[in-house]
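To start, the structure under review is shown below, and the notes come after it.
Values below: all heavy atoms of this structure, side chains included; hydrogens, waters and symmetry mates excluded. We name chains A, B, ... by the order of the sequence lines, and we start the count at 1 in each one.
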2 protein chains.
Amino acid sequence: MASYKDIHNILLERITGGEWPPGRLVPAEADLAEEFGCTRVTVNRAMQALADAGLVERRRKAGTRVVRRQSRDTVLTIPIVRDEITGRGGRYRYLLVERREAVPPQNIRAELGLAARDRALHVLSLHFADGRPYQLEDRWISATAVPGARTESFEAVSPNEWLLREVPYSRAEHIFSAARATAEEARLLELDADEPVFVIARTTWLTNDPVTHVRLVHPGSRFRLVTRDQPPGAL
Amino acid sequence: MASYKDIHNILLERITGGEWPPGRLVPAEADLAEEFGCTRVTVNRAMQALADAGLVERRRKAGTRVVRRQSRDTVLTIPIVRDEITGRGGRYRYLLVERREAVPPQNIRAELGLAARDRALHVLSLHFADGRPYQLEDRWISATAVPGARTESFEAVSPNEWLLREVPYSRAEHIFSAARATAEEARLLELDADEPVFVIARTTWLTNDPVTHVRLVHPGSRFRLVTRDQPPGAL
DNA sequence: AAGTGGTCTAGACCACGGA
DNA sequence: CCGTGGTCTAGACCACTTC
């Protein structure tokens with residue numbers, strides 16, 4: 001008997017195999033149910049999985065069509081830096097560089113939705129892989145959204161790990177870019193001036209309240225971000 | 001009456017709102033069904049959506065637990081470069097630089113799974129935004145996997161768009177990195193020597209057969225990759 | 001008006017895996 | 001063993017949307 005996963009895989013094969021090219025109208029659920037000898041609900045379950053994966057578009061009355069791809073989506077997993085390093089057998093070390101409460105600069109205030117004189121917590125820290133600087137973590141934490149951070153020293157635990165463990169978040173935005181290292185970044189990361197760096201800027205919200213904004217700066221010469229990349233629509 | 005989407009949102013709120021913290025054991029489906037006055041199937045539908053989104057982990061007998069986050073996942077949409085430029089009101093231009101069949105270098109052969117003397121199609125092209133170079137597309141296409149490419153000139157249509165339209169793919173891998181521009185890259189992108197560039201390397205497969213490998217090189221000073229970032233678990 | 005997907009119910013059986 | 005999730009069926013009604 002065909003389960004909804006079997007049906008899903010068969011339909012997936014018809015799509016990726018070219019039997020049902022982009023734009024093609026897929027048979028109605030009732031017809032497929034008859035073909036596979038099951039209920040329409042079971043076909044519906046399989047089809048919804050394909051729709052969730054973005055492989056087909058469904059509209060009542062109009063039916064189901066194979067999507068014409070406009071872009072590629074890929075899932076990016078950004079691990080905790082400690083796990084990333086130890087996971088490939090490296091030696092990890094954490095170092096707190098600076099921790100202070102201050103009025104953030106204009107661009108950070110905007111990101112965190114703070115008023116002109118609001119203070120926030122600034123934590124600058126370094127993550128080492130095998131003794132060499134691997135990531136500079138330049139973070140601002142909203143004191144109002146995360147009051148607990150004011151009593152945490154961040155001497156033993158990095159803000160990244162602490163926040164991930166202690167503070168739920170509901171939304172995040174990432175910006176990836178390549179840049180020249182600034183003088184301070186070069187000094188802390190032990191790079192030559194103007195060496196390229198890979199920058200991940202992330203802002204995190206908890207139901208529309210900004211929680212934290214961080215700049216993660218990596219030496220370009222020894223950092224790569226790799227996607228997980230399951231087949232689209234895999235269950 | 002509570003639909004499975006309502007139930008999903010209520011449970012989502014309990015998780016992100018802190019009522020059910022990470023590690024918490026969630027009530028059994030049967031209990032929730034009673035609470036919401038619906039069938040267990042309906043609760044199951046909502047729970048599966050949460051599990052798909054990675055917010056809970058479910059095991060038979062053991063029950064359902066709120067996940068302890070180890071990492072952050074984010075969905076990256078890599079648009080067709082033309083759409084990316086025109087989408088923000090820019091002027092787009094495409095230029096074919098070189099097209100030839102040749103034996104690829106060692107690293108590309110490995111990526112495409114080719115034997116030592118197999119030939120492949122090499123296409124080098126440029127994408128301009130408002131008259132300035134925006135992306136260098138350095139692509140190798142497997143002649144065996146995509147025979148149709150051998151009769152396509154790529155003078156009017158970029159390989160990226162042509163492939164996305166003509167060739168289905170089942171899996172892709174991306175590597176993002178920051179680097180110094182090589183001499184040729186600097187020349188083509190009209191950059192100073194050693195300027196930082198943002199590189200996206202992508203290999204694409206169709207059911208385990210490599211289709212194409214591409215290096216997309218962007219001037220670091222005018223390129224950023226931004227994530228879409230829906231709330232986790234949104235339906 | 002009619003076709004198509006969206007969803008619910010009630011009941012059932014199975015599969016896994018902790019105790 | 002037996003509680004929990006995984007899934008199916010048969011039938012039903014509804015909600016869109018195109019004709």
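For A:Arg93 and A:Phe128, the positive end sits near the middle of the six-membered ring, less than 6.0 Å away and at most 45° from its axis. Cation-pi check for A:Arg99 over A:Phe154 is not met; the charged atom does not lie both under 6.0 angstrom from the ring centroid and within 45 degrees of its normal.
Remark: the B:Arg45 side chain and the D:dG6 base include no donor-acceptor N/O pair separated by less than 3.5 Å.
The side chain of A:Arg60 places no N or O atom within less than 4.0 Å of a non-bridging phosphate oxygen (OP1 or OP2) of D:dT18. Distances shorter than 4.0 Å separate none of the side-chain N or O atoms of B:Lys61 from OP1 or OP2 on D:dC1. Distances shown here put a side-chain N or O of A:Thr42 below 4.0 Å from the OP1 or OP2 atom of D:dT9. At C:dG6, one or more side-chain N or O atoms of A:Asn44 fall inside 4.0 Å of OP1 or OP2 (strictly under the cut-off).
Put simply, CZ on B:Arg59 is 12 Å from C1' on D:dT4, counting in whole angstrom units. Atom CZ in B:Arg40 sits roughly 13 Å away from atom P in D:dC8 (whole-Å rounding). Distance, B:Met47 CE to D:dT4 P: 12 Å, rounded to whole Å. Atom CZ of B:Arg58 and atom C1' of D:dG3 are 14 Å apart (whole Å). Remark: P of D:dG5 and CD of B:Glu57 are 14 Å apart, rounded to the nearest angstrom. B:Ile7 places its CD1 atom 12 Å from the P atom of C:dT7, with the value rounded to the nearest Å. Regarding A:Glu29, its CD atom lies at a distance of 5 Å from the P atom of C:dG5, rounded to whole Å. Here the P atom of nucleotide D:dG6 and the CG atom of A:Asp6 are 17 Å apart, to the nearest Å.
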| query | Stepwise, does the salt bridge (charged side-chain N to carboxylate O under 4.0 Å, His left out) test hold for A:Glu35 with A:Arg14? | reply | CA-CA 14 Å; A:Glu35 173 185 347; A:Arg14 289 185 186 173; 2.7 Å; yes
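A salt bridge links B:Glu29 with B:Arg40: the closest approach of a Lys/Arg side-chain nitrogen to an acidic carboxylate oxygen falls below 4.0 angstrom. Using a 4.0 Å cut-off between a side-chain N of Lys or Arg and a carboxylate O of Asp or Glu, A:Glu111 and A:Arg202 do not qualify as a salt bridge.
Closest to the side chain of B:Gln48, out of C:dG3, D:dT18, D:dG6, is D:dG6.
Residue order along DNA chain C, read from the 5' end via each residue's closest nucleotide, puts A:Gly63 first among A:Gly63 and A:Val41. Mapping B:Val26 and A:Thr39 onto DNA chain D by nearest heavy atom places B:Val26 closer to the 5' end of the strand.
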